Each structure stands twice: as C-alpha cells, then as structure tokens.
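The next block holds one structure in the form of structure tokens; read it before the comments.
Small disclaimer: the values here were computed from a predicted structure and weren't measured. Any value given below was found using the heavy atoms of this structure, including those in side chains, with hydrogens, waters and symmetry copies removed. Convention: sequence-line order gives letters A, B, ...; per-chain numbering from 1.
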2 protein chains.
Amino acid sequence: MLQRSVLTEEEQAAICSLEGREAGIEPHRDIVRPGEHTDYSCLVVSGLAARFGQLRDGHRQITAIHIAGDMCDLYSLMLPKVEWAIQALSSPVKILKVPHRDLLKLVRAYPAVAEAFWRDCVADGSILAQWVVNVGRRDARMRTAHLLCELGVRMERAGLGRRDAYTLDIVQTQLADALGMTPVHMNRIIRGLREDGLLVTRRRDIHITDWAALAAAGGFEGGYLEYEDGPHRRL
Amino acid sequence: MLQRSVLTEEEQAAICSLEGREAGIEPHRDIVRPGEHTDYSCLVVSGLAARFGQLRDGHRQITAIHIAGDMCDLYSLMLPKVEWAIQALSSPVKILKVPHRDLLKLVRAYPAVAEAFWRDCVADGSILAQWVVNVGRRDARMRTAHLLCELGVRMERAGLGRRDAYTLDIVQTQLADALGMTPVHMNRIIRGLREDGLLVTRRRDIHITDWAALAAAGGFEGGYLEYEDGPHRRL
DNA sequence: CGGTCTATTGATATGTGTCAAAACTTGTGG
DNA sequence: CCACAAGTTTTGACACATATCAATAGACCG
C-alpha cells in the first residue's frame, strides 16, 4: 500500500508502529466470517487469502485474491458489518490483526494516512471492476489469461517474484472459483494454454513463457493496476 | 451518501455548499472517458449513469449503475487516472461536476467528511463484489432477478420510488451489458419473469408483482446494501 | 408517414457444465 | 522404504444454457 501513496517519514513510521496480533490460519479456515461485526482489519504477512461470496447451493465466487503485503478487509474499517468471508487459500497464511480502534486513531491523527488507506480501497475497487468485466464479457480462456497476467504484475510489484515467473499457492478448483467456472473446465483451459506454449506449470510455480502472447490472449492492459502520482496527492 | 454516515450539521452544510458546474449529458454520451486524468467528480442529479469497461472487439460490460443522488466517479478523487468510461444511459442525465480541488479542501478540513466519502467508495466496492458473484455464479434468470431487486432497494432508499415499483430508464441491451449476456437472451429472460407473474413492465416502469418470489429467484439478500451505524463512526 | 431504434421470435451453433472414472501427488504411519 | 489414504489433476461422453444469425413486429420521432 505504501507504494501507492506519498507519505512523509513520520506518517510511514506511524503506520509501521501499528501493533497487531499475529495469527496463522490453516488452509480453508475463515479469517473473517460473513455477517459478523469485525473490530480489526488484517494485513496478509505471507501466503494467499481470498474473499468470496457464497450462494445457498454452496457455490462460491472468489471476489478478491490478497497477496502478501495486502491489507485485506480494510473495507470493514468503514463498514464493520462484512457480508463476505475471507479464507486462507492452500497453505497456512500468516496475518496480522490490527484493531480498528488503532487504525481509526491513526487516520484521524494523520489525514494523509487516511487518504492512503482510502486510496487502497479504491485500488481494490478498480480491480473488482475489472473482474466484473472479466467474468461478464470474456470467455474462459481470456479470463484465465487475464487473471494470470494481473497476478503476475501484482506479485512483481509486491516483490514476490517476476511477472512471468511466480509461485501461486492455489489449487485449480480455487482458480475456477475466482473465474466463475467449473474445475473441470478450468483444467482444460490451462491445458490449452500450456499446449499453445504460453505457460509452464510445475508444482505451484507458474512460468509464463510468452508474456506478450498471454497478455494478448487475455486482452490484458495493466493500466488499472498503475497508481501513478497525481499532482494533488499532497496538500 | 449522507444517509450512510453520521455527520454534524456543520459538516453537512459544508458538503451542501460545494459548488459545481451543472451539465446535461445526452444519452450514450461520455461523462468520463477512459485514460483521462480527471480533475472533478460528478454528482448525478437526475437520470441514470453507467460505468463500464470495453473490450477490443467492442463488447462492453457495465460495472456500475448510478442513480440520482449517487456520486459517480468519486474513485477518481483518489486515483485521478480513470480506466473506465461513464456514460449517460437512455435519457438525458443532469450532473454536477465538482472540482477535485474543492473536494480535497473539504475532506482535509473535515475528517468526518473524508470518512463519509471513503465509506461511499467502500459501499460502491461492496456492490461491485456482489456483481462479481452475480455474473460469475448465477445463471441468467437469477442474475436478472438479483439486479432488479438491488435496483429496487437502492431506488427506494434514494426516494425515487418503491422497491417494487420504480422507473428504470434503460434499454434491454444495456441491461444485458450490466448482466454479461446477450440482448436476445435478456429479452427471453424478462419474458420468462413476466410469464411467471413476477413482474410487469410498461414503458420504462417496472412493477414487481411478487417481491418475495423475485428475491427468491435471485437469491437476493439485501445485507450488502445496508449501512447501519457502527459504534465507532464518530470520534 | 417513413426512418430509426427497440423488442420479440425462431433456428441453430457453441461454450461450458455435469457426471463419472482414472491417473497422479502428497503426506502419513507402519 | 513401502503402502495406503486423501486430495488433486486429468480425461471422456453427454447435457444444457447461452450465443449467434436472421427476420419480423412494434414503438418512437421528426
């Protein structure tokens, strides 16, 4: 988040001085449960977390994938009653629970920090809007390519690998849940991408052998992930 | 937006004193163009506006429908480079363009106003997350029912009608663009809902004759549209 | 009263879901 | 180090929802 905003040293120090309770969450275990009032937000320290909605029949749709360094559930600071679940994905996830009380004290003391957090929520919303486009108007192959590109760019930016070579600790069924399709179909799509020489997977490692081709196959334009400084960031 | 947050009279007055340039936008005309840096956000005064993303092949996906009273493109206050378009829907739309400069001055003078705007962005994100679920995991009929329920609740809350009887100045093709489907299929789905006695349409008026049934058909649970006061809204 | 949108309908094509089973991994305990 | 269990990936055959193409009918507007 700190990359997205311009903050003074004092403000950065204030953020870093936040204390929280560390917790390790087992795969498939809830970090946040829907319908609850939460009084903390979580920083993902390591691993992957996913936010998702669930239908009565049990089908689930992942609405966000959070990587290390993401503040997940920052939304709840403004709307404490959450309507979704957040779970650890495949591996144990380490999170830091930061009480809302401390966060609010911080944002009220430093308006620029409030704006940084606010900007973070907006960035999350921009990705969400892309996901709507993805799921609504792209076919399975495009969707998959698009998501893999998005995750690559985000991973690289977070210092977790290169955009064309990163580790995604996630299972095909979960990928399918993020892309609104069936695990079976997910598998066939991935096979197709591999057969076309766009990517190689080994274990949980993704190696995009032809970035340009994958980006083209997904209609990926990374603009929505850029957060260049506007002229009016600071007072 | 003012309904979602608790503000003092002074703060409310400050918001209401914002001045902007009024403008009328013809149907299908852009309010905001993608790739631009904007220096204002828009309040929708009357009519409907839609935010959408576009694919190279021309297909579009609506990612938000803004009704009168909505602040559209508030996102751009935090990320001025917008990656989407916002257009007027079927009828002329009246908007009020409020310069970012004034908005920033306001939020920096009144932290509670900043939080109110921030909360507004988060509310938009909550709807967006629901749309991902909608498009990703519900079939055409459910999706349609769900959206009609959502719009009903939002219309009612905005004082623009009743949840089961409101005017939606929108064309079937645009509804299809919001739901990620074909105009032809959209038409068949609406016919189905009518034949099942769930709703009646006349002109642009929607009359939901059996709210409970429509909500059930859409798996609609309005929780994500509720913004009850948390205990820590004010200092 | 003709022209341009919009809504409606039909026939057919296709992408994706569903069901079912086999092959492969990974981890665990003997 | 092997054997087994549980989870994951892969494959096939088939069903079904939705897209596509094409045409007609109706609404609205100048």
Side-chain angles (χ1 to χ4, degrees), chain A residues 26-29 48 55 57-61 87-92 134-147 167-195 199-206 217-218, chain B residues 26-29 48 55 57-61 87-92 134-147 167-195 199-206 217-218:
Chain A
E26 289 304 303
H28 307 294
R29 280 250 155 283
L48 292 179
L55 271 56
D57 64 6
H59 279 172
R60 39 174 63 187
Q61 171 68 45
Q87 273 193 359
L89 288 179
S90 304
S91 290
N134 217 20
V135 180
R137 286 295 181 206
R138 292 194 241 255
D139 66 15
R141 183 186 162 94
M142 270 192 106
R143 288 214 278 279
T144 307
H146 195 276
L147 180 63
T167 300
L168 192 67
D169 202 345
I170 198 178
V171 127
Q172 287 185 7
T173 301
Q174 295 168 329
L175 256 188
D177 281 339
L179 292 169
M181 49 203 256
T182 290
V184 174
H185 201 53
M186 184 78 258
N187 183 274
R188 292 195 235 266
I189 296 296
I190 292 177
R191 168 157 65 112
L193 293 174
R194 270 196 299 247
E195 284 173 358
L199 57 87
V200 174
T201 62
R202 226 188 61 240
R203 299 293 220 70
R204 296 278 120 106
D205 294 327
I206 298 203
Chain B
E26 289 303 304
H28 307 294
R29 280 251 155 281
L48 293 178
L55 270 55
D57 63 6
H59 279 173
R60 39 174 63 186
Q61 170 69 43
Q87 273 193 0
L89 287 179
S90 303
S91 290
N134 217 20
V135 180
R137 285 296 182 206
R138 293 194 240 254
D139 66 16
R141 182 185 162 95
M142 271 191 106
R143 286 214 279 278
T144 307
H146 195 275
L147 181 62
T167 301
L168 193 66
D169 201 344
I170 196 178
V171 125
Q172 288 186 6
T173 302
Q174 295 168 329
L175 256 189
D177 281 340
L179 292 169
M181 51 203 253
T182 292
V184 174
H185 201 53
M186 183 79 257
N187 182 273
R188 291 194 234 267
I189 296 297
I190 291 177
R191 168 156 67 111
L193 292 174
R194 270 195 300 245
E195 285 174 356
L199 58 87
V200 174
T201 62
R202 227 188 60 241
R203 300 294 218 71
R204 296 278 122 105
D205 294 327
I206 299 204

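Toward the 5' end of DNA chain D, the nearer of the two residues A/Arg137 and A/Gln172, judged by each one's closest nucleotide, is A/Gln172. Of the two residues near DNA chain C, B/Glu195 and B/Val171, the one whose nearest nucleotide lies more 5' is B/Val171. Between B/Ile170 and A/His59, the residue anchored closer to the 5' end of DNA chain C is B/Ile170, taking for each the nucleotide with the nearest heavy atom. Mapped onto DNA chain D by nearest heavy atom, A/Thr201 and B/Arg138 fall at different nucleotides, with A/Thr201 at the one closer to the 5' end.
The side chain of A/Asp139 has C/dT16 as its nearest neighbour among C/dA7, C/dT16, D/dA19. When each of D/dA19, D/dC21, C/dA7 is scored by its nearest atom to the side-chain atoms of B/Thr182, the top-ranked nucleotide is D/dA19. Each of D/dA19, D/dC21, C/dA7 was ranked by its minimum atom distance to the side chain of B/Met181; first place goes to D/dA19. The B/Arg188 side chain lies nearest to C/dT9 when the options are C/dG17, D/dT9, C/dT9. Of the candidates C/dC19, C/dT16, C/dT9, C/dT9 carries the atom nearest the B/Arg191 side chain, counting heavy atoms from C-beta on.
The minimum heavy-atom distance between A/Pro27 and A/Ser91, with the atom names listed, is CG-C, 3.7 Å. Here the shortest heavy-atom pairing between A/Gln87 and A/His28 reads NE2-O, 3.3 Å. Counting all heavy atoms, side chain and backbone alike, A/Gln61 lies closest to A/Leu179 at NE2-N, 4.3 Å.
Using a 4.0 Å heavy-atom criterion, one finds that A/Arg194 contacts the sugar-phosphate atoms exclusively. At the heavy-atom level, B/Arg203 lies under 4.0 Å from the strands shown only through sugar-phosphate atoms.
The distance between atom CG of B/Leu193 and atom C1' of C/dA7, rounded to the nearest whole Å, is 16 Å. Between B/His185 atom NE2 and C/dT12 atom P the separation is 19 Å, expressed in whole Å. As rounded to whole Å, 11 Å separates atom P of C/dT26 from atom CZ of A/Arg202. The distance between atom CG of A/Asp205 and atom C1' of D/dT9, rounded to the nearest whole Å, is 17 Å. Atoms CG (B/Leu89) and C1' (C/dT6) sit 15 Å apart, rounded to a whole Å. In this structure, the CD1 atom of A/Ile189 is 15 Å from the P atom of D/dT9, given to the nearest Å. In this entry the distance linking CD of A/Gln174 with C1' of D/dT8 reads 11 Å, nearest Å. Rounded to a whole Å, the CZ atom of A/Arg143 is 12 Å from the C1' atom of C/dG17.
Distances shorter than 4.0 Å separate none of the side-chain N or O atoms of B/Arg204 from OP1 or OP2 on C/dT6. Between C/dT8 and B/Asn187, a contact under 4.0 Å exists linking OP1 or OP2 to a side-chain N or O.
Judged by distance alone, with hydrogens and angles left aside, A/Arg141 brings no side-chain donor or acceptor close enough to the base of C/dG15 to form a pair under 3.5 Å.
Across A/Arg203, A/Arg204, A/Gln174, a single residue satisfies side chain to side chain contact (heavy atoms under 4.5 Å, CB included) together with A/Asp169, and that is A/Arg204.
Other residues, nucleotides and ligands contribute at most 12 non-hydrogen atoms within 6.0 Å of the CZ atom of A/Arg29.
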Could you check A/Met181 against A/His185 for side chain to side chain contact (heavy atoms under 4.5 Å, CB included), going step by step and ending with a plain yes or no?
CA-CA 7 Å; A/Met181 49 203 256; A/His185 201 53; 4.1 Å; yes
